[in-house]
Amino acid sequence: MEGGGEELTAHETALYDRQIRVWGVDAQKRLSKAHVLVAGLNGTTVEFCKNIVLAGVGSLTLMDDRSITQEVLTANFLIPLDQTANYDDKSLSELCSESLRDFNPMVKVSFEKGELAELEGEFFDRFDVVVISSFSLKNKILINEMCRKRERRIGFYTIDCRDSCGEIFVDLQSYTYMQKKGDEKIERQLNYPSLEEAISLPWKDLPRRVAKLFFAMRILEKFELSEERNPGELSTGDLQSVLNLRKEMCDSQGFNESYIPNNLMERLINAGKIEFPPVCAILGGILGQEVIKGISGKGDPLKNFFYFDTADGKGVIEDISLPCSA
């Protein structure tokens with residue numbers, strides 16, 4: 001986003017004093033003018049929403065028309081489990097928007113009805129950042145491309161948690177920011193590939209020792225797409241079919257399938273749609289930091305995948321880009 005614009009009010013300056021000390025007044029001004037869309041509400045995205053609202057984003061719009069069930073509340077702390085009986089006539093996005101307004105009354109929190117992948121491109125012109133979760137691979141690619149076709153740059157993020165594992169993807173298109181080098185600041189530009197471009201790169205040409213989760217997620221996405229399943233609609237009975245697909249994809253890529261272990265695929269399949277709340281908190285926190293960096297232009301942004309797995313407790317950034325990308 002461009003800098004400048006209206007000054008912060010005295011109340012905003014006092015409310016956001018601690019973070020202004022960290023990233024400066026200009027960054028807070030950019031954040032206060034930013035408009036963020038989140039589609040697909042779950043444990044990871046509600047953590048992100050909480051963080052971005054507390055940080056003082058200009059507005060937050062939610063999209064998720066699902067009704068309230070035990071499943072959608074598994075890791076969603078915004079809606080108490082014992083009150084679901086009172087919410088039969090409200091969607092998940094409406095209820096979450098009501099809760100989020102209490103975190104920071106200075107942030108405009110609203111909700112929209114409908115399916116994001118079915119909306120016209122003009123809808124996206126309202127936003128600086130689009131975050132989606134629990135979307136099929138087909139719709140991830142579609143929404144990413146719609147963001148890229150708009151005249152104004154829109155930051156695009158996907159975030160998904162499968163039990164104790166998580167993935168974040170970032171596309172900031174052509175992005176300029178200030179990088180600190182000692183006592184100086186220099187301007188840097190990064191060129192991001194789209195999601196489709198990134199996952200279409202030949203596996204054997206990727207950097208050595210790319211996170212195993214990168215390949216595992218691609219296999220699961222392809223399986224769900226071919227079987228017309230929603231993300232996470234998997235069970236133990238699917239394991240052999242998924243392993244067969246792993247072999248097929250690795251053979252076609254000239255890639256050693258032993259690098260993607262059976263126990264990792266089994267963990268992800270058995271998880272189904274389950275989210276592990278501590279992992280949701282970690283992923284939501286990382287995404288919040290990255291979106292703030294993307295809006296403010298302060299700090300080195302993530303390029304372009306992030307993975308976390310409780311099996312080793314590590315967070316890993318993978319730059320999976322076209323050879324010409326800087």
Side-chain angles (χ1 to χ4, degrees), residues 37-49 62-76 91-93 96 114-119 130-147 156-171 194-196 198-200 211-239 241-243 245-246 249 260 264-277 279-280 282-284 286-287 305-309:
L37 171 68
V38 176
L41 296 173
N42 50 39
T44 54
T45 50
V46 298
E47 284 282 353
F48 163 73
C49 289
L62 309 180
M63 291 189 74
D64 196 322
D65 290 342
R66 288 179 295 170
S67 56
I68 305 305
T69 64
Q70 291 294 114
E71 179 184 292
V72 302
L73 297 179
T74 301
N76 189 330
S91 68
L92 183 58
S93 59
C96 288
E115 294 294 331
L116 184 59
E118 297 175 1
L119 298 179
V130 171
V131 175
I132 65 173
S133 186
S134 299
F135 277 67
S136 68
L137 175 60
K138 177 181 177 181
N139 284 337
K140 286 180 183 178
I141 291 172
L142 175 65
I143 295 166
N144 187 195
E145 289 305 315
M146 283 196 284
C147 289
F156 173 80
Y157 302 79
T158 70
I159 181 168
D160 289 291
C161 176
R162 301 203 183 210
D163 191 33
S164 57
C165 302
E167 175 185 68
I168 296 173
F169 169 76
V170 180
D171 177 14
S194 68
L195 177 61
E196 185 172 27
I199 65 174
S200 297
K212 295 176 175 63
L213 271 171
F214 171 81
F215 304 105
M217 292 295 285
R218 306 291 76 81
I219 294 166
L220 292 182
E221 284 176 338
K222 186 168 183 179
F223 179 79
E224 290 166 348
L225 191 62
S226 65
E227 296 292 318
E228 298 184 344
R229 309 267 189 95
N230 291 320
E233 286 186 353
L234 299 165
S235 66
T236 306
D238 294 315
L239 178 60
S241 296
V242 171
L243 294 180
L245 178 61
R246 179 191 63 180
M249 291 177 69
I260 315 167
L264 174 60
M265 300 307 304
E266 188 170 3
R267 280 172 56 209
L268 294 172
I269 290 169
N270 289 341
K273 294 184 178 182
I274 296 173
E275 295 177 293
F276 191 39
V279 176
C280 293
I282 292 169
L283 293 171
I286 295 292
L287 182 59
F305 286 89
F306 174 83
Y307 293 96
F308 181 80
D309 187 348

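Given the structure is predicted, the values throughout are model-derived calculations rather than measurements. Note that the numbering runs from 1 along the sequence shown for the chain. For the numbers below, each heavy atom of this structure counts, side chains included, while hydrogens, waters and symmetry mates do not.
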Taking atom [atom1] of [X] and atom [atom2] of [Y], what is their separation to the nearest 0.5 Å?
{"X": "Phe223", "Y": "Arg229", "atom1": "CZ", "atom2": "CZ", "value": "4.5 Å"}
{"X": "Ile143", "Y": "Leu116", "atom1": "CD1", "atom2": "CG", "value": "4.0 Å"}
{"X": "Ile141", "Y": "Glu196", "atom1": "CD1", "atom2": "CD", "value": "4.5 Å"}
{"X": "Leu234", "Y": "Leu239", "atom1": "CG", "atom2": "CG", "value": "10.5 Å"}
{"X": "Glu221", "Y": "Glu167", "atom1": "CD", "atom2": "CD", "value": "6.0 Å"}
{"X": "Asp160", "Y": "Lys273", "atom1": "CG", "atom2": "NZ", "value": "12.0 Å"}

Sub-3.5 Å donor-acceptor pair from the side chain of [X] to the main-chain atoms of [Y], do we have one?
{"X": "Glu224", "Y": "Gly232", "answer": "yes"}
{"X": "Ser134", "Y": "Gly40", "answer": "no"}
{"X": "Asn139", "Y": "Leu142", "answer": "no"}

Is the shortest side-chain heavy-atom distance between [X] and [Y] below 4.5 Å?
{"X": "Phe169", "Y": "Asn144", "result": "yes"}
{"X": "Glu227", "Y": "Leu245", "result": "no"}
{"X": "Ile260", "Y": "Met265", "result": "yes"}
{"X": "Leu119", "Y": "Met63", "result": "yes"}
{"X": "Leu243", "Y": "Glu266", "result": "no"}
{"X": "Leu220", "Y": "Arg162", "result": "yes"}
{"X": "Ile219", "Y": "Lys222", "result": "no"}
{"X": "Leu287", "Y": "Leu283", "result": "no"}

- Considering non-hydrogen atoms only, spot the tightest contact between Arg267 and Cys165 and give its length. NH2-SG, 3.2 Å
- Query: Where do Ser194 and Asp171 come nearest, in terms of heavy atoms and distance?
  - Reply: CA-OD2, 3.9 Å
- Item | Test item: side-chain donor near acceptor, Ser91 and Asp64, under 3.5 Å | no
- Test side-chain hydrogen bond (donor to acceptor under 3.5 Å, both in side chains) applied to Asp65 and Ser93, step by step: CA-CA 6 Å; Asp65 290 342; Ser93 59; 4.6 Å; no
